[in-house]
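Beneath this line is the structure, given in structure tokens, with notes to follow.
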Number of protein chains: 2
Amino acid sequence: MTDKDFLKKIGGNITRIRKQRGYTINFVAQKCEIEKSNLIPIEKGRINTTCLTLLKIATALEIDAQEFFK
Amino acid sequence: MTDKDFLKKIGGNITRIRKQRGYTINFVAQKCEIEKSNLIPIEKGRINTTCLTLLKIATALEIDAQEFFK
DNA sequence: ACAGAAGGTATTATATATCATACCTAAAAT
DNA sequence: ATTTTAGGTATGATATATAATACCTTCTGT
């Protein structure tokens with residue numbers, strides 16, 4: 001698995017689960033207390049985010065962070 | 001789960017699996033191509049590492065990154 | 001037609017992860 | 001006793017994630 005594919009997998013999982021919840025990017029960003037200018041590239045797999053940012057997103061999506069790696 | 005506890009969980013899982021494999025920190029750091037001055041504080045839960053560093057460590061430990069989050 | 005919502009991009013500033021290196025201690029091996 | 005190995009810390013430099021903000025496009029609702 002390449003680095004790029006790995007980040008795209010994580011981002012894609014975040015997008016998929018967010019949409020399953022019916023949440024918008026702005027809503028999740030507010031709930032996480034992160035900026036959408038950070039969240040959007042994470043979902044796109046463009047940036048190599050950190051454990052704690054994943055924890056914030058997972059908490060906002062009411063899910064375990066490990067789900068993002070499946 | 002606090003931020004500190006989350007990072008300690010991840011670091012503890014890395015240490016546990018590394019020792020199960022009988023690998024030293026130096027060996028894993030070399031295999032990962034990361035510095036031990038980076039790996040040690042990750043295992044201790046002192047730094048908030050990134051997805052790609054977790055991927056490198058998981059690959060060196062022959063495991064899926066999601067194991068670190070369990 | 002217009003207003004608002006939603007996704008997305010660009011830029012600058014700041015915080016911090018990582019690298020590279022040197023050094024230390026304790027324990028084990030010889 | 002000395003050397004080696006393993007874990008760990010300290011520091012300065014560099015790369016990059018994140019914050020904060022402004023702006024853009026498309027689509028939907030009115």
Side-chain angles (χ1 to χ4, degrees):
Chain A
M1 168 100 64
T2 68
D3 288 358
K4 188 184 289 188
D5 287 342
F6 186 69
L7 296 183
K8 282 196 175 176
K9 181 177 75 168
I10 292 169
N13 282 334
I14 293 172
T15 304
R16 179 177 47 77
I17 295 165
R18 173 176 62 79
K19 289 187 173 171
Q20 276 174 8
R21 302 276 184 278
Y23 295 162
T24 68
I25 286 181
N26 277 288
F27 174 78
V28 173
Q30 280 197 349
K31 201 174 173 193
C32 289
E33 297 183 298
I34 70 177
E35 294 297 318
K36 73 169 181 171
S37 62
N38 188 21
L39 179 54
I40 288 171
I42 290 170
E43 288 198 0
K44 297 276 173 192
R46 289 210 199 93
I47 61 180
N48 175 23
T49 190
T50 66
C51 291
L52 291 182
T53 299
L54 288 181
L55 175 62
K56 287 180 187 173
I57 296 170
T59 302
L61 297 183
E62 300 132 10
I63 206 171
D64 282 342
Q66 72 177 104
E67 297 298 320
F68 299 150
F69 291 85
K70 288 182 177 170
Chain B
M1 167 100 63
T2 68
D3 288 359
K4 188 183 288 191
D5 286 343
F6 187 69
L7 296 183
K8 282 196 176 177
K9 180 177 77 169
I10 292 169
N13 282 333
I14 293 172
T15 304
R16 178 177 49 76
I17 294 165
R18 174 176 61 79
K19 291 188 173 172
Q20 277 174 7
R21 301 276 184 277
Y23 295 162
T24 67
I25 286 180
N26 276 288
F27 173 79
V28 174
Q30 279 198 349
K31 201 174 174 193
C32 288
E33 296 182 299
I34 69 175
E35 295 297 318
K36 73 169 181 172
S37 62
N38 189 20
L39 179 55
I40 288 172
I42 290 170
E43 287 198 359
K44 298 275 173 193
R46 288 211 199 93
I47 61 180
N48 175 23
T49 190
T50 65
C51 291
L52 291 183
T53 299
L54 288 181
L55 175 62
K56 288 180 186 173
I57 297 170
T59 302
L61 297 182
E62 299 131 11
I63 206 172
D64 282 343
Q66 73 177 104
E67 297 298 320
F68 299 150
F69 291 85
K70 287 181 177 172

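Every chain is numbered from 1 and lettered A, B, ... according to where its sequence line falls, protein lines coming before strand lines.
- Remark: B:Arg46 is not in phosphate contact with C:dA17, judged by side-chain N or O atoms under 4.0 Å from OP1 or OP2.
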What do the steps show when you test B:Leu61 against B:Phe68 for side chain to side chain contact (heavy atoms under 4.5 Å, CB included), and what is the final call? CA-CA 11 Å; B:Leu61 297 182; B:Phe68 299 150; 4.1 Å; yes
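- Residue contacts for A:Ile40: at a heavy-atom cut-off of 4.0 Å it reaches a base atom on one of the strands shown.
- The side chain of A:Thr49 contributes an N or O atom lying less than 4.0 Å from OP1 or OP2 of D:dT18.
- With rounding to whole Å, A:Asn26 atom CG is found 11 Å from C:dG8 atom P.
- For the pair A:Arg18 and C:dG7, the criterion of a side-chain N or O lying under 4.0 Å from OP1 or OP2 is met.
- A donor and an acceptor atom never sit less than 3.5 Å apart when one is taken from the side chain of B:Lys44 and the other from the base of D:dG8.
- At least one side-chain nitrogen or oxygen of A:Thr50 sits closer than 4.0 Å to the OP1 or OP2 atom of D:dT18.
- The two residues B:Ala58 and B:Asp64 make their nearest non-hydrogen contact at CB-C, 4.1 Å.
- In terms of position on DNA chain D, the residue among B:Thr24 and A:Ile34 whose nearest nucleotide sits closer to the 5' end is B:Thr24.
- Checked against D:dT18, C:dT18, D:dG8, the side chain of B:Ile25 finds its nearest nucleotide in D:dG8.
- Shown here for A:Leu55 and B:Met1, the closest heavy-atom pair between the two residues is CD2-O, 4.4 Å.
- Heavy-atom distances to DNA chain C give each of B:Lys36 and B:Asn48 a nearest nucleotide, and the one nearer the 5′ end belongs to B:Asn48.
- Contact annotation: side chain of A:Ser37 to base of D:dA20, donor-acceptor pair present below 3.5 Å.
- Nucleic acid contact for A:Leu52: none, since no nucleic acid atom lies under 4.0 Å from a heavy atom of the residue.
- No engagement by A:Glu43 is indicated, since no non-hydrogen atom pair under 4.0 Å with the nucleic acid exists.
- A:Asn48 contributes no side-chain N or O that, together with a main-chain N or O of B:Thr50, makes up a donor-acceptor pair within less than 3.5 Å.
- In this model, the phosphate group of C:dC19 is approached by a side-chain N or O of B:Asn38 to a distance below 4.0 Å at OP1 or OP2.
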